[in-house]
Engineer: 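Here you go, one structure.
Just so it is clear, the model here is predicted, and its values are computed rather than measured. Note on naming: letters A, B, ... go to the chains in the order of the sequence lines (proteins, then strands), and numbering restarts at 1 for each one.
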Amino acid sequence: MIESDKMNIEQKLTGIVINAIQNLYQVEVQESQVQFQKTKKEFEGDITLVVFPFVKAARKSPEQAGEEIGQYLQQHEPIISKFNVIKGFLNLSIASSYWIDLLNDIQSQTEFGTKTADENSEMVMIEYSSPNTNKPLHLGHIRNNLLGFSLSEIMKANGYNVVKTNIVNDRGIHICKSMLAWQKYGKGETPESSGMKGDHLVGKYYVVFDKEYKAEIKTLMEQGQSEDDAKKNAPLMIEAQEMLRKWEAGDTEVYELWSTMNGWVYKGFDETYKKLGVNFDCIYYESETYLLGKEKVEEGLAKGVLYKREDGSVWADLTTEGLDEKLLLRADGTSVYMTQDIGTAKLRYDNYPIDKMVYVVGNEQNYHFQVLSIILDKLGFKWGKDLVHFSYGMVELPEGKMKSREGTVVDADDLVDEMVGTARETSEELGKLEGCTPEEAGNIARMVGLGALKYFILKVDPRKNMTFNPKESIDFNGNTGPFIQYTHARIKSVLRKAAEQGIKITTTDTACELSEKETGLIQLIAEFPNIVEAAGKEYSPSVIANYVYELVKEYNQFYHDFSILKEENEAVKNMRLILSANTAKVIKTGMGLLGIDVPERM
RNA sequence: GGUCGGGUAGCUCAGCUGGAUAGAGCAACAGCCUUCUAAGCUGUGGGUCAUGAGUUCGAAUCUCAUCCUGAUCACCA
């Protein structure tokens, strides 16, 4: 196969058009001036050239110029079979042979739509999830995890060497709160004794702490203290802070309790991650990195990039960048959040030859990452300046924001279970799982339930705040994961039946004339590798999701139209199968980039 | 108040490196076992693309201003 044959139709035509214009009007044409778009449904043709950019050079009306260019292309390029001009738009029809070759080519590719990484590929590290260990994961984490994982898959498909990482916030006052409450009120309860998942158990005591703490505050206020004083003076808070001090001093007893309870939490998290289908190549813990930043800060001081105030605190002056000054070390020498991130960055850089770093973190930290980028750059990290903060919006409920105090937090485990449960019920009601082994049935329910959840979240532009509507997400109609999965399963069923009848679906050189419907569908399929590239640049799973949905819609319509026609000549039948096979391939690839499984049957 | 997002159909969202009459789904209404599997398909109605100006052959898309809305502006993480 010649390289140029694999080229996308737009790229190919761009060169051809540049040539044509130069020959026709003797002017230089920039590639950027050549703009194509898919021909609108109501017009004849496959692809449309916008001729406005050339009318000046041609010194003709848009219609005339379009006509001339069209004539020229049709005469000189066998790939163009027909054309028509409407206003300044030149609609081109592409020869069927081109499409047929393209389908055969796609069919023969085992890794359609992906580039493989090699030793020369850039290495990108993607940080996502970043949980606290004092409570279980919730809906917001789900968005984070799904985005992070999907992003990794997309970048992998774009030929990057991807390292997925997770930074676990396993230390600090919040963990001590859980520990203290467990110690005081837990009566030795363990995940085993209570039958609770470890992260949920620890989360339970975090809530207990909050409740008891509030009671103490109330009492103190009744005794005449101000709210601020009461918050500071509540015995529970004092004890928790004392615990944190002990932890930092390495107190054996506290440290052991901390290890035990974190152990419970990790076991719980692992289960949730597994359920969601996400994973990591390396995990960092803040307890191991929170002290490391100091070294780099000292280095920055020596280099004169940072400065020390009279009280001994260390700052970065970012006023020349239009930002404020930022504290990096407190007067007592202890580190802050920013310092930790510097330390983690250093450790990572020591461990991996990173070219590019991506942080999947909510948009409430936009400022933090803006600052981090500048500071890392000043401190000499080569990827600091170009680090990507993959920022995403909050997930809200139809009733409003999630508030942990008001108990409106949607727990990740509960949600996944509910989705899978609903998928199972619906399947059973519809009799879809008859003839399946219980294992198969369970698998399908899991794929569909998770597919619904994942697709619902990923199809929305990450930057936007989104509303998660549990009811709507388990509605399997419309632009949803299950709808796409269903189409895939149906296609697979067609292909199975064809195979049973011994129909070969690899020969496409029948000289069948393709209708507009068909070429539209092939175009969608052919565009896919470029969509991957585009999404890689924009880091957006939503692009993939909406693209796949478009394809599925088109496919269903195409199939519907053909069924009405009932024209069952061999060429038509064959073309239908070829298109089905290719469509299934694209759906699987696309959904794979979103981390969504597609069942063979459902 | 400063900085950074967002404002597109009743609802949830696409479209944004400027291109043709603004696109889906949900909801509403009307039809369909016509396909491979009705988790489906077809059709109808539904819009001042927040507002106003500018840039040009052309603006939902770019620029500026205004309004609404979210985030952030900690020696919290």
Engineer: If you assign each of A/Asn465 and A/Arg171 to its closest nucleotide in RNA chain B, which residue comes earlier from the 5' end?
Structural biologist: A/Asn465
Engineer: Ignoring hydrogens and angles, are the base of B/rC75 and the side chain of A/Asp311 linked by a donor-acceptor pair under 3.5 Å?
Structural biologist: yes
Engineer: For a quick check of understanding: with a heavy-atom distance under 4.0 Å over all strands, which category does A/Glu286 fall into, base, sugar-phosphate or nothing?
Structural biologist: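 A/Glu286: backbone/sugar contact only, no base atoms under 4.0 Å.
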Engineer: Check for a donor-acceptor pair, side chain of A/His141 on one end and backbone N or O of A/Ser129 on the other, with a separation under 3.5 Å.
Structural biologist: no
Engineer: Looking only at side-chain atoms of A/Thr467, point me to the closest of B/rC4, B/rC13, B/rC75.
Structural biologist: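 Ranking B/rC4, B/rC13, B/rC75 by closest atom to the A/Thr467 side chain puts B/rC13 first.
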Engineer: Counting any heavy atom closer than 4.0 Å, what does A/Asp332 reach on the DNA or RNA strands: base, sugar-phosphate only, or nothing?
Structural biologist: nothing
Engineer: Kindly say if A/Lys87 contacts the phosphate of B/rC57, meaning a side-chain N or O under 4.0 Å from OP1 or OP2.
Structural biologist: no
Engineer: Paired with B/rG1: which nucleotide, if any, by Watson-Crick or G-U wobble criteria at under 3.5 Å for both distances?
Structural biologist: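 Across all strands, the one nucleotide that pairs with B/rG1 is B/rC73.
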Engineer: Remember a base hit wins even if backbone is also touched, and classify A/Lys492 as base, sugar-phosphate or nothing at under 4.0 Å, heavy atoms.
Structural biologist: nothing
Engineer: Should A/Arg330 be listed as having a side-chain N or O under 4.0 Å from OP1 or OP2 of B/rC76?
Structural biologist: yes
Engineer: Write down the distance separating the C1' atoms in B/rU48 and B/rG1, rounded off to the nearest Å.
Structural biologist: 33 Å
Engineer: Can you tell me the distance, in whole Å, between the OH atom of A/Tyr486 and the C1' atom of B/rA38?
Structural biologist: 6 Å
Engineer: When the P atoms of B/rA28 and B/rC64 are considered, how many whole Å apart are they?
Structural biologist: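 Approximately 44 Å lies between the P atom of B/rA28 and that of B/rC64.
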Engineer: Take a 6.0 Å sphere around NZ of A/Lys56 and say whether it holds more than 12 heavy atoms from other residues, nucleotides or ligands.
Structural biologist: no
Engineer: Under the criterion side-chain contact (heavy atoms from CB on, under 4.5 Å), I'd like the reasoning laid out for A/Glu600 against A/His488: C-alpha separation, chi angles, the key distance, then a yes or no.
Structural biologist: CA-CA 7 Å; A/Glu600 297 285 305; A/His488 181 266; 4.0 Å; yes
Engineer: Identify whether any heavy atom of A/Gln35 sits under 4.0 Å from a base atom; if not, whether one sits that close to sugar-phosphate; answer base, sugar-phosphate or nothing.
Structural biologist: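 Contact class for A/Gln35: base.
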Engineer: Of A/Met466 and A/Tyr559, whose closest RNA chain B nucleotide lies nearer the 5' terminus?
Structural biologist: A/Met466
Engineer: Ignoring the backbone of A/Gln557, work out which of B/rU42, B/rC75, B/rC36 is nearest its side chain.
Structural biologist: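 Ranking B/rU42, B/rC75, B/rC36 by closest atom to the A/Gln557 side chain puts B/rU42 first.
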Engineer: Would A/Phe52 count as stacked on B/rG58 if the rule is ring centres under 5.5 Å and plane angle under 30°?
Structural biologist: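 No.
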Engineer: Answer with base, sugar-phosphate or nothing: what part of the nucleic acid does A/Arg463 contact at a heavy-atom distance below 4.0 Å?
Structural biologist: sugar-phosphate
Engineer: Between A/Asn91 and A/Thr48, is any side-chain donor less than 3.5 angstrom from a side-chain acceptor?
Structural biologist: yes
Engineer: Does A/Lys40 put a side-chain nitrogen or oxygen below 4.0 Å from OP1 or OP2 of B/rG23?
Structural biologist: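 It does, given that an N or O in the side chain of A/Lys40 lies less than 4.0 Å from OP1 or OP2 of B/rG23.
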Engineer: To the nearest Å, how far apart are A/Met419 CE and B/rA39 P?
Structural biologist: 18 Å
Engineer: Any stacking of A/Phe43 on B/rA20, going by centres under 5.5 angstrom and planes within less than 30 degrees?
Structural biologist: yes
Engineer: On a plain distance test, is the side chain of A/Ser542 in donor-acceptor contact with the base of B/rA14 below 3.5 Å?
Structural biologist: no
Engineer: Just to confirm, is there a sub-4.0 Å distance from OP1 or OP2 of B/rA14 to any side-chain nitrogen or oxygen of A/Lys464?
Structural biologist: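 For B/rA14, OP1/OP2 do have a side-chain N/O of A/Lys464 under 4.0 Å.
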Engineer: Would you indicate, yes or no, if B/rA24 has its OP1 or OP2 atom less than 4.0 angstrom from a side-chain nitrogen or oxygen of A/Lys459?
Structural biologist: no
Engineer: Using a heavy-atom cut-off of 4.0 Å across all strands, would you classify A/Val50 as base, sugar-phosphate, or nothing?
Structural biologist: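 Base: the residue A/Val50, judged by heavy atoms under 4.0 Å, touches a nucleobase.
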Engineer: Any donor-acceptor pair, under 3.5 Å, between the side chain of A/His368 and the base of B/rU72, if you only look at N and O atoms?
Structural biologist: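 In this structure, the two groups form no donor-acceptor pair.
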Engineer: Quick one: the side chain of A/Ser427 and the base of B/rA39, do they pair up donor-acceptor inside 3.5 Å?
Structural biologist: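 Counting by modelled atom types and ignoring angles, a donor-acceptor contact under 3.5 Å is found here.
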Engineer: Applying the 5.5 Å / 30° rule, does A/Phe483 stack onto the base of B/rA39?
Structural biologist: no
Engineer: Looking at B/rC13, which nucleotide sits across from it as a Watson-Crick or G-U wobble partner, both distances under 3.5 angstrom, or is there none?
Structural biologist: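 B/rG23 is the nucleotide pairing with B/rC13.
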Engineer: For B/rA30, which nucleotide in any strand shown is its Watson-Crick or wobble partner with both distances under 3.5 Å?
Structural biologist: B/rU42
